[in-house]
Amino acid sequence: MSYIWKLYTKTLYKHPWKTQLLTTGFLMGSSDVIAQKAIEKRDLKQMEPVRIGRFAILGTCFVAPVLRTWYNVLEKAIGTVGKTVGLRKMLVDQLIFTPFFLVNFLIVSGALQRQPWSVIKAKIDQDYFTILKTNYMLWPGAQLITFYVIPIPFRIIFVSFVALLWNTYLASQANKNFRTSE
């Protein structure tokens, strides 16, 4: 295991963007597999590989670049020293960034599923505040650890591992079937 970690660390420092994008994509795809198996109780024959691929693409092309950029913005805007720096980053992250990010996550997820705007809007109207409330049960504590303990090159992988459970929940929410009156 230490060999794998050393190889990952070496690759991360050599190719930070690529490594963080692919790691997040892989872990988000894994989250959808867990959602299909554990939450939706599907057997192997019922698994949707296209859906898994979509969630991996969502992680690679949307979540990872947005989070990486956001963490860099927080570093520059709030700084790196001081007893309250982690707390301030967490508050800005959770009160300003997260509500905006979750709406965009649902929009991008719906677009990747080729859903019409009416269905995407119905998901947002029905589930947004439940998802946001659930977010507040997990992420403030995780982000305090992220901002106080985890060095910036490793924040994406740390958050991605914490997000295995979170993304399993999001995958189940993002892939619920919705009917609209239209």
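These figures come from a predicted structure and were not determined experimentally.
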[X] and [Y]: which non-hydrogen atoms are nearest, and at how many Å?
{"X": "P65", "Y": "G59", "value": "CD-O, 4.2 Å"}
{"X": "L164", "Y": "S30", "value": "CD2-CB, 4.2 Å"}
{"X": "V63", "Y": "M28", "value": "CG2-SD, 3.7 Å"}
{"X": "P153", "Y": "Q20", "value": "O-NE2, 3.2 Å"}

Exercise for the section: Taking the six-membered ring for Trp and the single ring otherwise, decide whether the centroids of Y8 and Y3 are under 6.0 Å apart. Expected result: no

Report yes if the side chains of [X] and [Y] come closer than 4.5 Å at any heavy-atom pair, otherwise no.
{"X": "D93", "Y": "W139", "answer": "no"}
{"X": "I96", "Y": "L91", "answer": "no"}
{"X": "L58", "Y": "V108", "answer": "yes"}
{"X": "F26", "Y": "L22", "answer": "no"}
{"X": "L21", "Y": "K18", "answer": "no"}
{"X": "S109", "Y": "R54", "answer": "no"}
{"X": "Q36", "Y": "D32", "answer": "yes"}
{"X": "E48", "Y": "R42", "answer": "yes"}

Practice task
Please test T146 against Q143 for side-chain hydrogen bond (donor to acceptor under 3.5 Å, both in side chains), starting from the C-alpha separation and ending with a verdict.
Solution key: CA-CA 5 Å; T146 301; Q143 291 297 51; 3.1 Å; yes

Check for a donor-acceptor pair, side chain of [X] on one end and backbone N or O of [Y] on the other, with a separation under 3.5 Å.
{"X": "T168", "Y": "I34", "result": "no"}
{"X": "Q94", "Y": "P99", "result": "no"}
{"X": "K89", "Y": "G79", "result": "yes"}
{"X": "Y71", "Y": "V66", "result": "no"}
{"X": "Y148", "Y": "L87", "result": "yes"}
{"X": "R155", "Y": "I150", "result": "yes"}

Handout entry: Worked check of side-chain contact (heavy atoms from CB on, under 4.5 Å) between M47 and K37
Key = CA-CA 8 Å; M47 298 289 277; K37 287 292 285 172; 3.8 Å; yes

Problem - Flag if over 12 foreign heavy atoms under 6.0 Å of CG, L44 - result: no

Linking I/L/V/M/F/W/Y whenever any side-chain heavy atoms sit under 4.5 Å apart, do [X] and [Y] land together?
{"X": "V92", "Y": "L102", "answer": "yes"}
{"X": "I145", "Y": "L138", "answer": "yes"}
{"X": "I52", "Y": "I39", "answer": "no"}
{"X": "I120", "Y": "F55", "answer": "yes"}
{"X": "M90", "Y": "V159", "answer": "yes"}

Exercise for the section: Go through I157 and T19 one step at a time and tell me if the side-chain contact (heavy atoms from CB on, under 4.5 Å) criterion holds. Expected result: CA-CA 9 Å; I157 190 170; T19 305; over 6 Å; no

Practice task
Applying side-chain contact (heavy atoms from CB on, under 4.5 Å), run through K123 and Q113 and close with a yes or a no.
Solution key: CA-CA 13 Å; K123 280 186 181 184; Q113 294 174 48; 3.8 Å; yes

Rounded to the nearest 0.5 Å, how far does [atom2] of [Y] lie from [atom1] of [X]?
{"X": "L165", "Y": "S31", "atom1": "CG", "atom2": "OG", "answer": "8.0 Å"}
{"X": "L67", "Y": "F62", "atom1": "CG", "atom2": "CZ", "answer": "8.5 Å"}
{"X": "L74", "Y": "I78", "atom1": "CG", "atom2": "CD1", "answer": "5.0 Å"}
{"X": "I156", "Y": "L27", "atom1": "CD1", "atom2": "CG", "answer": "11.5 Å"}
{"X": "K6", "Y": "T11", "atom1": "NZ", "atom2": "OG1", "answer": "14.0 Å"}
{"X": "T134", "Y": "W166", "atom1": "OG1", "atom2": "CH2", "answer": "5.5 Å"}

Problem - Residue among F147, F100, F97 satisfying ring-ring contact (aromatic ring centres under 6.0 Å, His included) with W70 - result: F97

Handout entry: Derivation and outcome, side-chain contact (heavy atoms from CB on, under 4.5 Å), residues L12 and F154
Key = CA-CA 8 Å; L12 177 64; F154 296 98; 3.7 Å; yes

Exercise for the section: Apply the test side-chain hydrogen bond (donor to acceptor under 3.5 Å, both in side chains) to residues T24 and S160: give CA-CA distance (whole Å), side-chain angles for both, the deciding distance (0.1 Å), then the verdict. Expected result: CA-CA 6 Å; T24 303; S160 293; 3.3 Å; yes

